[in-house]
Amino acid sequence: QVQLVESGGGLVQPGGSLKLSCTASGDVYRIQVMRWHRQAPGKQREVVATISDGTITNYADSVKGRFAFSMDVARNTGYLQMNNLQPEDAAAYYCTADISPRRTWPSHRSYWGQGTQVTVAS
């Protein structure tokens with residue numbers, strides 16, 4: 001009974017900022033990895049940011065220096081701060097996480113959120 005919920009999407013002008021949140025709830029014992037993906041219509045889904053063990057981050061080249069991934073492990077929540085947004089950043093953003101529920105520890109699986117829309121336009 002694990003659920004991921006994203007929030008924080010919206011409409012911004014080029015150069016603007018948004019902060020996305022991804023919260024895991026339910027029977028969450030440990031989040032090993034959390035990722036942010038994005039997919040625009042007609043384009044391939046891509047991973048834009050990854051955080052491992054709540055601290056170790058990796059970013060796609062296209063967002064390095066503009067996006068920052070952090071995690072509040074006590075709240076099972078990841079945050080993606082997106083700065084200097086450009087039209088090519090517009091997409092549906094999805095959170096995924098590799099989670100071990102307490103009742104099935106140490107087994108784990110990947111969970112997906114429902115997504116949050118980011119629109120960048122003048």
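Atom set for the values below is all heavy atoms of this structure, side chains included, hydrogens, waters and symmetry mates excluded.
- Panel note: side chain Glu46, backbone His37; no donor-acceptor pair is recorded below 3.5 Å.
- When the side chains of ILVMFWY residues are joined at heavy-atom separations under 4.5 Å, either directly or via intervening members, Val73 and Val2 end up in a single hydrophobic cluster.
- Side-chain atoms of Asp27 come within 3.5 Å of backbone N or O of Arg103 as a donor-acceptor pair.
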**Request:** Please test Ile31 against Met71 for side chain to side chain contact (heavy atoms under 4.5 Å, CB included), starting from the C-alpha separation and ending with a verdict.
**Result:** CA-CA 10 Å; Ile31 301 175; Met71 190 163 184; 3.5 Å; yes
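- For the residue pair Thr77 and Arg75, the shortest heavy atom distance occurs at OG1-O, 3.0 Å.
- Not one N or O on the side chain of Glu6 forms a donor-acceptor pair closer than 3.5 Å with the backbone of Thr116.
- Nearest heavy atom pair, residue Ala40 against residue Ala90, reads CB-O, 3.7 Å.
- A donor-acceptor pair is defined here as one N or O able to donate and one able to accept, closer than 3.5 Å; no such pair exists between the side chain of Gln114 and the backbone of Val5.
- Between Leu4 and Ala24, the shortest heavy-atom contact is CD2-CB, 3.4 Å.
- To the nearest 0.5 Å, the span separating OG1 on Thr96 from CZ on Arg35 amounts to 6.0 Å.
- For Arg45, the CZ atom is densely surrounded, since the number of other residues' heavy atoms within 6.0 Å is greater than 12.
- Closest approach of Gln86 and Arg66 over heavy atoms only: N-NH1, 4.2 Å.
- When the side chains of ILVMFWY residues are joined at heavy-atom separations under 4.5 Å, either directly or via intervening members, Val63 and Val33 end up in two distinct hydrophobic clusters.
- The backbone N or O of Phe69 sits less than 3.5 Å from a side-chain atom of Tyr59, completing a donor-acceptor pair.
- No side-chain heavy atom of Ser100 sits under 4.5 Å from any side-chain heavy atom of Pro106.
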**Asked** Does the side chain to side chain contact (heavy atoms under 4.5 Å, CB included) test come out yes or no for Ser25 and Asn76, once each step is laid out?
**Response** CA-CA 7 Å; Ser25 61; Asn76 292 322; over 6 Å; no
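- The aromatic rings of Trp112 and Tyr94 sit perpendicular to each other, their planes meeting at more than 60°, with 30° as the lower class boundary.
- Counting only heavy atoms from C-beta outward, the side chains of Arg38 and Ser62 approach each other to under 4.5 Å.
- No donor-acceptor pair closer than 3.5 Å links the side chain of Gln32 to the backbone N or O of Arg30.
- Looking at Thr50, its side chain never comes within 3.5 Å of a backbone N or O of Thr57 through a donor-acceptor pair.
- Hydrophobic clustering, with ILVMFWY side chains joined whenever heavy atoms are under 4.5 angstrom apart, keeps Ile99 apart from Val47.
- For the pair Pro101 and Tyr29, the minimum side-chain heavy-atom distance is 4.5 Å or more.
- You'll find the side chain of Glu88 stays beyond 4.5 Å of the side chain of Val120, heavy atoms only.
- Using a 4.5 Å heavy-atom cutoff, the side chains of Tyr93 and Cys22 are not in contact.
- Val12 has its side chain out of reach of Ser17: every pair of non-hydrogen atoms, C-beta onward, lies at least 4.5 Å apart.
- Applying side-chain contact (heavy atoms from CB on, under 4.5 Å) to Leu18 and the options Thr119, Leu80, Val118 leaves one that passes, Val118.
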